[in-house]
Every structure is written in structure tokens, then in C-alpha cells.
Amino acid sequence: MSEVNESDRFECVIVNVIDTLMWKGVTVEEVESGGRVYFGKIKPEGFDYVPGDTLYIGMKRLPSDLEDMEMSMEVSLYDASDKRLDWTFL
């Protein structure tokens, strides 16, 4: 298995967009693996994406002292311009 670098981006398709009063919630599916990730706090300003559109995720391994918290990666959601839209821990 190859090493995942922080600069790596993986293509995802938007599965669902939830519009709340203050935020957008977005579920994306990674194209090759079919794995899904939910991002719940995306600022609505300038977010004009709909299901079927493409976004990108990037992953960063957490320091080993934080892995005891049952989370091992920080996953970030990016647009095509490499703007970070949101992040979550997995």
C-alpha cells in the first residue's frame, strides 16, 4: 500500500446536501472506494454545489498521541480551487 501524503486529493461525488439555517451539510462519496464522509459545517456563502458535483478530500494522519482517542485521521473537504471547505476526524 502506498503512503498517503497530506497534499494528495481524492475525487468525490456529492451524494447529499442538507441546508440548515447557518450551515450546509454535505455527504460525499469517494469515487474509487465508495467510502462516504459527512461534513456538517460548510459556510453557505459561495457554496453552489448539488448532488452529482465533484469535490475533493484530503487526509492527514494524526499524531500518535491522539490516536488513542479512536481517531486516526483528519479528513478535509476541498473544492476544485483547493479551497478548504470543512474538515472532520475519522
Side-chain angles (χ1 to χ4, degrees):
M1 182 175 166
S2 61
E3 182 73 22
V4 175
N5 296 313
E6 189 174 340
S7 62
D8 292 341
R9 300 288 183 263
F10 301 93
E11 186 175 328
C12 295
V13 174
I14 296 175
V15 176
N16 191 24
V17 177
I18 299 169
D19 195 2
T20 67
L21 296 175
M22 295 181 60
W23 306 100
K24 299 270 187 174
V26 177
T27 302
V28 294
E29 183 176 291
E30 201 270 328
V31 173
E32 289 192 28
S33 70
R36 292 184 177 192
V37 181
Y38 175 74
F39 297 91
K41 283 194 166 183
I42 299 175
K43 294 179 182 177
E45 298 83 27
F47 190 87
D48 299 322
Y49 296 96
V50 296
D53 286 349
T54 300
L55 291 174
Y56 302 87
I57 57 172
M59 294 177 261
K60 178 171 70 171
R61 187 162 287 292
L62 294 174
S64 59
D65 57 328
L66 295 177
E67 287 184 9
D68 295 337
M69 299 175 1
E70 297 183 23
M71 295 176 279
S72 61
M73 298 203 136
E74 178 183 315
V75 181
S76 298
L77 183 66
Y78 297 91
D79 66 9
S81 302
D82 213 26
K83 177 184 172 192
R84 187 176 183 196
L85 303 172
D86 196 11
W87 59 273
T88 190
F89 289 120
L90 293 181

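- Scanning both residues, Lys41 and Asp86, for their nearest heavy atoms gives N-OD2, 3.0 Å.
- We find the CD-CD1 distance between Glu11 and Ile57 to be 11.0 Å, quoted to the nearest 0.5 Å.
- Going from atom NZ of Lys83 over to atom CG of Leu55 covers 11.5 Å, rounded to the nearest 0.5 Å.
- Look at Arg9 and Asp82 and you find a salt bridge, because one of the NZ, NE, NH1 or NH2 atoms lies within 4.0 Å of a carboxylate O, short of that distance.
- In the hydrophobic clustering of ILVMFWY residues, with side-chain heavy atoms under 4.5 Å counting as a link, Tyr78 and Val31 come out apart.
- Under the 4.5 Å side-chain heavy-atom criterion for ILVMFWY residues, no single connected hydrophobic cluster contains both Tyr49 and Trp23.
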Which is it for Asp8 and Met59 under the side chain to side chain contact (heavy atoms under 4.5 Å, CB included) test, yes or no, and what are the steps along the way?
CA-CA 7 Å; Asp8 292 341; Met59 294 177 261; over 6 Å; no
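- If you take SG on Cys12 and CG on Leu77, they are separated by 7.5 Å, rounding to the nearest 0.5 Å.
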Stepwise side chain to side chain contact (heavy atoms under 4.5 Å, CB included) check, Val26 with Asn16:
CA-CA 6 Å; Val26 177; Asn16 191 24; over 6 Å; no
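- With contacts defined as side-chain heavy-atom distances shorter than 4.5 Å, the pair Ile18/Lys24 does not qualify.
- A distance of 11.5 Å separates OG1 in Thr54 from CG in Asp79, rounded to the nearest 0.5 Å.
- Taking CG of Asp53 as the reference point, atom CG of Asp48 lies at 9.5 Å (rounded to 0.5 Å).
- Under the 4.5 Å side-chain heavy-atom criterion for ILVMFWY residues, no single connected hydrophobic cluster contains both Ile14 and Tyr38.
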Please walk me through it: do Val13 and Val28 pass side chain to side chain contact (heavy atoms under 4.5 Å, CB included)?
CA-CA 5 Å; Val13 174; Val28 294; over 6 Å; no
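- Using a 4.0 Å cut-off between charged nitrogen and carboxylate oxygen, Glu74 and Arg84 count as a salt-bridge pair.
- Atoms CZ and CD1, from Phe47 and Ile42 in turn, are 4.5 Å apart once rounded to the nearest 0.5 Å.
- Under the 4.5 Å side-chain contact rule for hydrophobic residues, Phe39 and Met73 share a cluster.
- In this structure, the side chains of Val37 and Thr27 stay at 4.5 Å or more apart for every pair of heavy atoms.
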